[in-house]
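All remarks here apply to the structure that follows.
One is the number of the first residue; the rest follow in order along the sequence. Reckoned from all heavy atoms, side chains included, excluding hydrogens, waters and symmetry mates.
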Amino acid sequence: MTIRAALLFLFVFALAGCWSTAFERPGATAAQMVGETDACRMAATRGRLELQNSLSGSATLLLPVSELDQRAFADCMRQRGYVEGSID
């Protein structure tokens, strides 16, 4: 994978996280929240490989594509005692 393709993949993955709902649980530490959020995100992410043209069009690359199932993520967080909160 080229550096440009890897950076594009990371940018898209990070951008997907910007649209996620904030969750909160009274008494949860920051470390607990990070760990549980990561676990739920991993459990709710589906991945596949796709053939995509390089930016120059000179090659076809097999790149990973991941999609976060927002409903599965929210269900996982609720099962762990979190409620949806507002992003301040």
Side-chain angles (χ1 to χ4, degrees):
M1 180 179 334
T2 66
I3 292 175
R4 183 178 283 173
L7 290 174
L8 178 62
F9 174 75
L10 290 174
F11 173 76
V12 170
F13 186 76
L15 187 60
C18 293
W19 286 299
S20 50
T21 304
F23 284 87
E24 53 194 24
R25 184 179 78 194
T29 66
Q32 286 173 319
M33 186 166 185
V34 168
E36 292 173 336
T37 300
D38 286 348
C40 287
R41 188 175 305 279
M42 285 177 39
T45 300
R46 294 176 293 209
R48 66 181 188 284
L49 296 175
E50 274 188 7
L51 288 173
Q52 298 179 7
N53 291 327
S54 64
L55 294 176
S56 67
S58 63
T60 301
L61 306 170
L62 188 60
L63 297 174
V65 177
S66 63
E67 296 173 358
L68 178 65
D69 181 339
Q70 293 286 343
R71 182 175 290 151
F73 175 76
D75 289 345
C76 178
M77 292 298 285
R78 283 188 209 104
Q79 288 171 2
R80 293 169 183 255
Y82 288 84
V83 294
E84 295 180 47
S86 60
I87 299 176
D88 295 333

With a 4.5 Å limit on heavy-atom distance, are the side chains of V83 and M77 in contact?
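Contact flag for V83/M77 side chains = no.
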How many angstroms lie between [atom1] in [X] and [atom2] in [Y], if you round to the nearest 0.5 Å?
{"X": "F23", "Y": "E84", "atom1": "CZ", "atom2": "CD", "value": "4.0 Å"}
{"X": "R46", "Y": "D69", "atom1": "CZ", "atom2": "CG", "value": "4.5 Å"}
{"X": "S66", "Y": "M42", "atom1": "OG", "atom2": "CE", "value": "12.0 Å"}

Sequence neighbours left out, what passes salt bridge (charged side-chain N to carboxylate O under 4.0 Å, His left out) with R48? Give chain and number order.
E50, E67
Which residues share a side chain to side chain donor-acceptor pair (under 3.5 Å) with [X], sequence neighbours left out:
{"X": "D75", "result": "R78"}
{"X": "D38", "result": "none"}
{"X": "R25", "result": "E36"}

Does M33 have any side-chain contact (heavy atoms from CB on, under 4.5 Å) partners at least two apart in sequence or in another chain, and if so, which?
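side-chain contact (heavy atoms from CB on, under 4.5 Å) list for M33, sorted by chain: T37, Y82.
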C76: partners by side-chain contact (heavy atoms from CB on, under 4.5 Å), with sequence neighbours left out:
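Only C40, R80 meet the side-chain contact (heavy atoms from CB on, under 4.5 Å) criterion with C76.
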Are L51 and L49 linked, directly or through intermediate hydrophobic residues, by side-chain heavy-atom contacts shorter than 4.5 Å (ILVMFWY only)?
yes
Take Q52 and T60 through the test side-chain contact (heavy atoms from CB on, under 4.5 Å) and record every step on the way to the result.
CA-CA 5 Å; Q52 298 179 7; T60 301; over 6 Å; no
